[in-house]
Amino acid sequence: MTGEQDQQQEYYSTLDAHHVAPLWGVLHKMVPPRPNPSSQVQTWPYASIRPLLMQAGDLISAEEAERRVLMLVNNPTLGPPYTTDTIYAGLQLILPGETAPAHRHTAFALRFIVEGDSDGAFTAVQGKKVVMERGDVILTPSWTWHDHGSDSKGPMVWLDGLDLPVYRFLPINFAENHSDPRYPSELAEGELAKGLKFPWKDMQTQLDANASTTGHVKLDYRHADGSHLSKTISAQAERVNAGTSSSKVRETLSFVYHVYEGQGYTTIVTPEGEEKVVMWMRKDTFNVPAWSVVSHTCRSQSDSAYLFAITDRPMIEALGLYRKEEL
Ligand code: 1HN
């Protein structure tokens, strides 16, 4: 070693004790040439997850669990709450007669109903009892009391989306349990459920009305005033016409996708250039890391595919970091 290297080594060894470190060793990692999400492409085929959920139904009650959820974990290194870098998602099961007790928290949640009869399963949000049907999106805004229940005949399963990764940076997620399992509520349908429930049939009507010959329609869920579903995360729905592919697009957003209907595949090229092809069918879930090139293909020649996705668009836009490239 040269004298100069010795001097440098000696200098570096003194820094830890003063709680400082040289930027010049890590500058390029701090400001990389392209986004470098920690999440990978991951898939949760419903055929493999549903039996695990039903087993959980035998092993633990909703009351006991508080929320009987299998968290969708992106990879073992990242662990929960990361389904993608900015979004947490899980699959929740409620059985007939059960109650998931009332609580409230800073974190915002939206739910996409995957499976179940429409008669009798509900989420009560701040006194409004909202009935859930397959494909509906139901919100529990920040700090609203919410409990789930079911007088339905069969299991009820939904996909939860929460902004939990945000609270790794902003460690201010307060939570509180209500004194009783249920927060007093009254049935809220139609107008009364507005702003809390976004029925699938309304979304599909809009998608179908916009379905063009180009074969792909994407619509954001919005409140009546045009705002996103929350300030952190929101959702979108897409229709891919039978036998067609959507054009290749990348955005500074990450997504948790869920297949409402259809069969096909999504080609995802991550920022590092790795290509993954996710084969999907009805009720499957997968994630897309930020700044990945995405294209969906509907394999059926007769039936369109409908995809739902949770996105981090509100916070990325609010921070002025939204960027899109069509390839
Ligand atoms: C939560 O409150 C629900 O209310 C679901 O159903 C999942 C994951 C983490 C923290 C709170 C619910 C959750 C959650």
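For reference, positions follow the sequence shown, starting with 1. Just so we're clear, the structure is a prediction, and the values are computed from it rather than from any experiment. Counting convention: from 1, in listed order, for ligands and their atoms alike.
For atom 9 (C) of ligand 1, the nearest protein heavy atom (residue, atom name, distance) is Leu164 CD1, 3.4 Å. The shortest contact between atom 7 (C) of ligand 1 and any protein heavy atom is with Asp160 OD2, 3.7 Å. For atom 12 (C) of ligand 1, the closest non-hydrogen atom on the protein side is Arg67 NE, 2.8 Å. For atom 14 (C) of ligand 1, the closest heavy atom belonging to the protein is Leu162 CD2, 3.8 Å. In this structure, the protein non-hydrogen atom closest to atom 6 (O) of ligand 1 is His148 NE2, 2.6 Å.
Under 4.0 Å from ligand 1, the heavy atoms of Arg111 that appear belong solely to its side chain.
With ligand atoms numbered from 1 in the order given, ligand 1 contributes 8 (C) to contacts under 4.0 Å with heavy atoms of Tyr88. Listed by number with element, the atoms of ligand 1 under 4.0 Å from a non-hydrogen atom of His105 are 1 (C), 2 (O), 11 (C).
Annotation: Trp158 places no N or O atom under 3.5 Å from an N or O atom of ligand 1; distance criterion only.
Counting heavy atoms of neighbouring residues, nucleotides and ligands inside a 6.0 Å radius, atom CZ of Phe174 does not exceed 12 of them.
The closest approach between His103 and ligand 1 falls below 4.0 Å for a heavy atom of the residue.
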Does the pair His103 and His178 meet the rule for a ring pair (Phe, Tyr, Trp, His ring centres under 6.0 Å), with working shown? CA-CA 5 Å; His103 70 190; His178 189 55; over 10 Å; no
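Looking at Pro37, Pro165, Ser38, Ser39 one by one, the single match for side chain to side chain contact (heavy atoms under 4.5 Å, CB included) with Thr84 turns out to be Ser39.
Ring to ring, Trp200 and Tyr260 are close: their centroids are under 6.0 angstrom apart. The aromatic ring centres of His296 and Tyr257 sit less than 6.0 Å apart.
Between Glu238 and His216, the closest heavy-atom pair is OE1-NE2, 2.8 Å.
Salt bridge Glu325/Arg323: absent, no basic N to carboxylate O contact under 4.0 Å.
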